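Sequence lines set the chain letters: A, B, ... in the order given, protein chains first and strands last, and positions in each chain run from 1. Since the structure is predicted, the reported quantities are computational estimates derived from the model, not experimental observations.
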Amino acid sequence: MKRRKIDIAALPAKAGAEIDDRLQVSSPLRRLFNKVFPDHWSFLLGEIALYSFVILLLTGTFLTLWFDPSMQEVTYDGTYTPLKGIEMSRAYESSLTLSFEVRGGLIMRQMHHWAALLFMAAIVAHMLRVFFTGAFRKPRELNWIIGVLLFWLGFVEGFAGYSLPDDALSGTGLRIAHAIMLSIPVVGTWVATSLFGGEFPGHEILGRLYIAHVLLVPAILLGLIAAHMGLLVKQKHTQWPGPGRTDHNVVGIRMFPGFAAKAGGFFMLVFGLVALLGGLFQINPVWLFGPYEAAVVSAASQPDWYVMFLDGSTRLMPPWEARFPLWPGHHYTLPPLFWPTVVLPGVLTMLPLFYPFIEARFTKDKRAHHLLQRPRDVPTRTALGAMAVSFYLVLLLSGANDVIAYKFHISLNAMTWAGRIGLLIVPPLAYWLTYRACLGLQQHDREVLAHGVETGIIKRLPDGRFVEVHQPLAVPDAHGHTELPYAGWVVPKKMNRLGALVPTVKGFFFPIEEPAKPAPQEERPVGAGTSREEITSSKK
Amino acid sequence: MSFDDSAGAAGPPREVRRGRLLAGPVRKSRLRRRVFAGLRLAAALAIVGGTYTAFAPGSQAQDTPKLSDAAQIGKRQYDQSCATCHGPNAQGVEGRGPSLIGVGSANVEFQVETGRMPAARPQQAQVERKQPMFTTAQAQQIGAYIQELGGGPQLPSGENLRAGGDVAEGGRLFRVNCASCHAFSANGGALSSGKFAPSLEPSTDRQIYAAMLSGPQNMPVFGDNQLTPQEKRDIIAYIQYQKHDKDPGGFGLARYGPVPEALVIFLVGMVSIMFVTIWIAGKS
Amino acid sequence: MSTDTDVDYDVKDPTLSRFDLVKEGARRDGVEIVHYAPRFPKPGTRAERRVERTIALLFGLTGLLGLAFVVAYIWWPWEYQHGTGLDKFYNPVLGLTLGGSLACLGAAIVVWAKKLLPEEVSIQDRHDAPDLDERALTGATIMNMVDETGIKRRPLLKGALLVGAAPLGLAAAAPLVGGLIKKPGNILFETAWKPANGNLIKVTREDGSEVRPEDVSVGGQATVFPGVPHGATNQHADSPVLLIHLRQKDADALRANLKNVAVNSEDGGAMWGNYVAYSKICTHAGCPASLYEQQTNRLLCPCHQSQFQITDNARPVFGPATRRLPMLPLTVENGVFVAKSDFRVPIGPGFWERP
């Protein structure tokens with residue numbers, strides 16, 4: 001037999017050459033490999049959302065193999081005893097089958113649901129990071145807009161998924177959604193009737209929600225996520241200010257291998273977390289809720305957390321109904337439900353969408369920015385953000401106010417009133433507090449830059465006064481001044497940040513390195529004390 | 001006619017009501033019902049009148065011998081611990097406690113066995129379950145006394161009132177009748193102005209049965225005409241089944257729906273992932 | 001930027017090391033590797049071996065837990081049984097093994113990246129200044145495209161294009177809208193309680209059995225449905241009713257209040273004896289308002305906490321609801337409850353056309 005000569009080691013290079021002959025990918029591929037990413041924990045929040053989305057696609061695909069969105073009435077005859085012989089829809093029955101009769105189906109369902117909650121939580125965390133650091137400024141306004149749309153699409157996608165199993169909570173949620181549609185002036189009844197195919201609940205809605213949930217919305221999400229990432233690659237990541245970092249460069253590590261390895265590892269860690277949550281914490285036990293029946297409701301009927309703030313706004317809304325006697329004998333109604341569930345989400349979409357432009361207009365800032373801002377350095381924006389967050393939190397807590405009332409023995413009516421008043425009082429208060437906190441932090445930064453770090457060493461002067469010795473951050477110039485300009489980045493405020501403490505010895509049971517030697521005596525921060533009197537007094 | 005019949009608590013058995021769709025039994029039962037209703041009215045009048053004469057001042061001495069042994073022990077307990085608010089002969093004290101004539105032993109047993117009575121602070125929004133002051137036997141004796149005073153709904157005998165209950169049927173009835181206040185998990189829920197439907201976690205079969213029968217505080221009454229004894233057993237069977245069932249998905253988060261799930265995703269999910277991000281991006 | 005960025009390497013120069021080539025490639029991509037150092041300058045130290053062992057251990061755990069997952073998936077008892085048998089732990093065991101395996105894999109990769117890959121600081125130029133020459137060239141190309149079509153100087157074609165495209169756009173939207181759209185008609189104004197063929201609709205339980213006055217105890221309530229086929233199913237989601245048997249004094253209070261609401265008092269009043277029936281569908285958002293407090297006579301909706309006063313024609317006394325729960329006019333025929341008529345006002349949440 002003729003032995004063919006194959007040099008295994010040369011194979012990849014040969015294959016690469018063959019591909020490059022045909023596609024000429026060397027240059028773009030290398031540019032991708034060499035792309036520099038800055039390294040900071042807060043830049044990983046968006047990645048959590050991305051990985052959750054991938055997990056959602058994987059587990060969701062598994063679920064579609066068994067789930068049947070039919071509203072046809074069937075009698076349950078599965079293994080779960082407490083529902084045996086109960087009339088239910090095929091959708092609910094198939095959810096039970098997935099949970100009890102498909103091996104491993106329950107963990108898939110639970111992972112899917114936890115991943116959905118994590119997806120939305122990561123989106124919100126990522127949005128807050130982008131907002132508070134000013135990463136949405138020019139040239140990234142478009143990516144911010146895409147991000148806001150992704151949040152609302154995730155919201156719709158999540159609500160559709162929550163509605164699909166046709167358990168009592170799903171049905172109650174859908175009924176409220178129906179009422180929300182009805183509340184829209186002029187066209188409300190037409191919208192509701194058209195989407196539900198007639199009376200509530202009808203036989204159409206689950207099928208329609210299903211196709212929206214597994215095809216329509218995910219496809220748009222996927223497209224927008226691709227655009228989001230494409231813009232990120234094109235515009236390059238923002239970075240924190242720091243040594244050597246300017247508005248015209250990116251300082252970090254190249255994408256391959258370092259960054260990609262970290263990202264890949266992080267994906268696995270997020271996946272692991274979702275699997276742990278899915279295995280250890282029961283979520284959405286549809287078998288306990290029972291099938292949806294129009295006459296059945298449970299105390300503590302809540303939506304998932306990302307919808308809860310709208311439930312809260314609905315609960316807090318005072319009973320204000322507008323009636324329009326347009327012509328004799330014809331009165332029209334604008335129900336109170338319209339404001340917290342249609343107008344409020346509309347405002348909450350539009351305000352963030354246009355925020356980058358509003359801010360640019362107010363600050364008259366038309367330049368492009370690639371360096372991030374510390375929240376303290378932009379007190380107005382930070383305070384506005386805190387106001388929005390506190391507004392949201394009051395609504396979120398009000399969405400759970402019956403559970404809070406029950407668990408903490410508070411009157412339900414008192415909770416509602418606390419929410420109503422809190423919604424008016426807490427956001428301005430948060431604005432004021434945050435604004436003051438930002439100013440205080442700014443001032444402290446400047447003070448440390450001017451006068452140095454407090455050492456905790458108290459010195460008695462010859463005239464009997466006591467002063468605290470400060471370690472200046474810079475070498476004194478010809479005039480003995482040590483003041484440094486603020487660089488927009490963290491100012492060290494503790495001595496061990498300056499390396500005054502001996503580094504810890506590595507190794508748990510025994511040292512694996514030579515213990516580091518203590519810092520030489522002359523580096524100790526004692527000498528610079530005498531000219532410090534004014535500084536200590538200026539502290540007040 | 002005995003006391004309990006006349007009080008109107010015991011309805012026709014379930015089969016009779018279920019068979020109403022057929023013409024025959026309907027007529028028969030309706031006739032029977034009317035006769036019964038008439039008898040009940042007469043008996044009730046007789047009891048009220050009788051009770052009145054019996055407890056009219058000065059006649060107590062002649063009345064006491066009519067009580068059974070258990071009721072006599074119960075009366076002693078009653079006089080010690082209950083009479084301050086409900087009056088010496090359970091006729092009630094204006095502004096302190098309602099009359100107990102006609103509430104039946106089911107009510108008494110429920111209130112005393114769950115520790116709600118004697119109430120520590122009757123003025124609060126709702127009297128809550130606490131460590132009972134009396135044993136089950138004593139509660140039954142007081143119940144017997146109140147029963148013999150004025151009649152009212154009574155519990156069937158025995159501790160196990162879930163036997164023969166159909167769990168699935170019970171679940172269906174639970175969701176229609178009970179879940180709205182006690183929540184799908186029977187863990188309870190808030191009502192208006194500080195009132196609440198309590199968790200059924202500590203409730204025994206007899207207590208659940210008694211609560212349905214007597215409608216304590218703000219809970220509606222589910223008389224035997226509305227939920228037959230069999231249906232009550234179904235419901236109890238379902239509640240106890242769920243209590244002793246596992247949470248197949250892992251830690252059940254108190255079976256309280258999306259609120260604890262929201263806590264978990266932030267306190268467990270987001271917090272742990274934040275530590276991971278700090279570790280990944282941190283200096284090595 | 002360091003000086004060697006100006007040097008143009010001859011890539012084929014055999015004296016160049018591989019890392020020289022890497023740096024040259026990076027330079028051409030606008031990236032400068034300013035700091036590059038191995039984590040462990042001296043290979044094979046104790047510290048390095050320790051890191052390697054850690055990573056190896058993590059990979060080992062990944063495989064072990066992955067295997068455990070497969071074993072548990074196949075052999076752990078998983079079928080549902082009542083009580084707390086071993087099947088209780090099926091899901092947690094799957095989660096622990098799968099999650100543990102994935103987390104170990106992730107940790108191994110991250111430790112590798114953090115502890116073994118060389119320390120690196122690279123600087124990439126953003127090239128974010130717009131190239132105005134390029135912009136001018138592209139702009140001219142685009143404008144030329146417009147000129148080539150000549151649409152500006154051919155108004156007839158401009159008009160014709162509009163005339164042609166607009167209807168086609170409508171045609172694209174028509175099937176979607178046309179297929180979905182459905183006239184509301186009077187479905188929001190009618191329920192299954194509307195008398196059919198002159199027969200009053202019976203009040204029934206979920207199983208279809210009739211309801212008699214004595215079936216609901218004083219201080220009791222029952223969820224009842226119209227006695228029509230599938231009356232208790234979601235086909236008639238607008239029809240569930242809460243039938244309440246009031247205490248004497250509460251019933252008297254309600255009777256006295258009936259006149260406050262015209263529709264509740266007409267035709268001899270909507271109550272029958274001490275019984276009253278309210279639509280269970282909340283007038284706020286449509287949840288079943290069914291948390292009946294029999295002493296305070298309040299009805300609470302668990303979704304948004306609207307509270308209705310039973311003894312005052314279900315007037316909303318707290319929460320976001322603005323309208324009373326509609327009363328179902330009750331009467332008794334042959335000893336069983338029937339509805340005298342449909343609800344006299346539309347049930348459920350408000351809508352634009354609601355009078």
Side-chain angles (χ1 to χ4, degrees), chain A residues 30-31 34 36 79-81 100 103-104 106-107 172 175-176 179 182 185-186 188-190 193-194 198-201 236 248-251 253-254 258 261-262 264-265 268-269 271-272 275-276 278-280 294-295 297 299 301 314-315 317 319 321 331-333 335-337 412-413 416 512-513, chain C residues 25-26 29 31 46-47 50 73 78-80 82 91-92 94-96 98-99 102-103 105-107 109-110 112-113 117 120-126 128 180-182 184 187-188 223 234 237 240 280 284-288 290 302-305 316 318 320-322 349-355:
Chain A
R30 197 192 62 234
R31 204 171 307 139
N34 278 337
V36 173
T79 47
Y80 187 62
T81 332
F100 290 112
R103 197 192 278 244
L106 183 58
I107 192 169
T172 307
R175 178 135 220 175
I176 298 172
L182 283 182
V186 188
T189 44
W190 288 81
T193 316
S194 301
E199 248 182 308
F200 175 86
K236 300 195 175 70
H248 305 289
N249 68 9
V250 194
V251 179
I253 56 174
R254 288 168 304 145
K262 280 185 176 186
M268 289 301 115
L269 283 162
F271 208 159
L276 284 172
L280 297 180
V297 75
S301 286
T314 313
R315 290 172 182 202
M317 179 70 196
E321 179 179 290
H331 292 269
Y332 294 95
T333 304
L337 194 57
L412 189 58
N413 301 23
T416 306
I512 56 166
E513 298 165 322
Chain C
D29 294 335
V31 175
R46 248 167 97 186
R50 184 166 169 272
Y73 184 81
W78 65 281
E79 272 159 328
Y80 173 80
H82 178 239
N91 208 55
L94 289 191
L96 277 173
L98 181 62
L102 287 165
L105 179 60
I109 298 172
V110 171
W112 193 327
L117 291 184
E120 173 189 334
V121 177
S122 298
I123 300 180
Q124 184 168 25
D125 201 338
R126 274 190 195 276
D128 56 339
L180 277 178
I181 209 153
K182 203 144 187 174
I187 55 172
L188 293 166
T223 301
N234 290 345
K280 209 175 174 179
H284 173 237
C287 292
S290 50
C303 289
H304 305 107
Q305 282 99 44
F318 190 83
T322 48
F351 49 95
W352 180 248
E353 295 89 341
R354 181 180 189 155

Please determine, among R126(C), H82(C), H304(C), E79(C), the option with the most heavy-atom pairs under 4.5 Å with chain A.
R126(C)
Could you tell me which portion of P319(A) (side chain, backbone, both or neither) has an atom closer than 4.5 angstrom to a non-hydrogen atom of chain C?
both
Okay, L188(C) and chain A: the region with an atom under 4.5 Å from a heavy atom over there is side chain
Check each atom of A321(C) against the heavy atoms of chain A and say whether the ones under 4.5 Å are side chain, backbone, both or neither.
backbone
Geometric class of the Y80(C)/F100(A) ring pair [parallel <30°, tilted 30-60°, perpendicular >60°]
perpendicular
Is a donor on one side and an acceptor on the other found under 3.5 Å between the side chain of R175(A) and the backbone of A237(C)?
yes
Closest approach of T333(A) and F351(C), non-hydrogen atoms and distance?
CB-O, 3.3 Å
Most contacts with chain C, counted as non-hydrogen pairs under 4.5 angstrom, among L269(A), V297(A), V250(A):
V250(A)
Shortest non-hydrogen contact between A294(A) and N234(C), atoms and distance:
N-OD1, 2.9 Å
So for Y73(C), is it side chain, backbone, both, or neither that comes closer than 4.5 Å to the heavy atoms of chain A?
both
Looking at side-chain heavy atoms only, is the closest gap between L337(A) and P320(C) below 4.5 Å?
no
Nearest non-hydrogen partners of H248(A) and D125(C), listed with the distance
O-OD1, 3.1 Å
Non-hydrogen atoms of chain C under 4.5 Å away: do they reach the side chain of P185(A), the backbone, both or neither?
both
Counting heavy-atom pairs closer than 4.5 Å to chain A, which one of P355(C), P349(C), P240(C) comes out on top?
P355(C)
Identify which part of H284(C) has an atom lying under 4.5 Å from any heavy atom of chain A, answering side chain, backbone, both or neither.
both
Could you check which of T416(A), L280(A), I253(A), T193(A) has the highest count of heavy-atom pairs closer than 4.5 Å to chain C?
T193(A)
Correct closest heavy-atom pair for I181(C) and W190(A) would be CG1-CE3, 4.1 Å
Honestly, the part of L98(C) sitting under 4.5 Å from a heavy atom of chain A is both
Answer key: most heavy-atom pairs under 4.5 Å with chain C among A295(A), P335(A), A179(A) is A295(A)
Highest number of heavy-atom pairs under 4.5 Å with chain C: which of T314(A), T81(A), T79(A), L106(A)?
T314(A)
For chain C, find which of R315(A), H331(A), M317(A), E199(A) contributes the most heavy-atom pairs closer than 4.5 angstrom.
R315(A)
Working note: E353(C) + T189(A), criterion side chain to side chain donor-acceptor pair (under 3.5 Å); need CA distance, chi angles, decisive distance, verdict.
CA-CA 8 Å; E353(C) 295 89 341; T189(A) 44; 2.8 Å; yes
Highest number of heavy-atom pairs under 4.5 Å with chain C among R31(A), R103(A), R254(A) belongs to R103(A)
Please check if the side chain of Q124(C) supplies one atom and the backbone of V36(A) the other of a donor-acceptor pair under 3.5 Å.
yes
Considering non-hydrogen atoms only, spot the tightest contact between A275(A) and L102(C) and give its length.
CB-CD1, 4.4 Å
I'd like to verify something: which residue of S122(C), A103(C), P92(C) has the highest number of heavy-atom pairs under 4.5 Å with chain A?
S122(C)
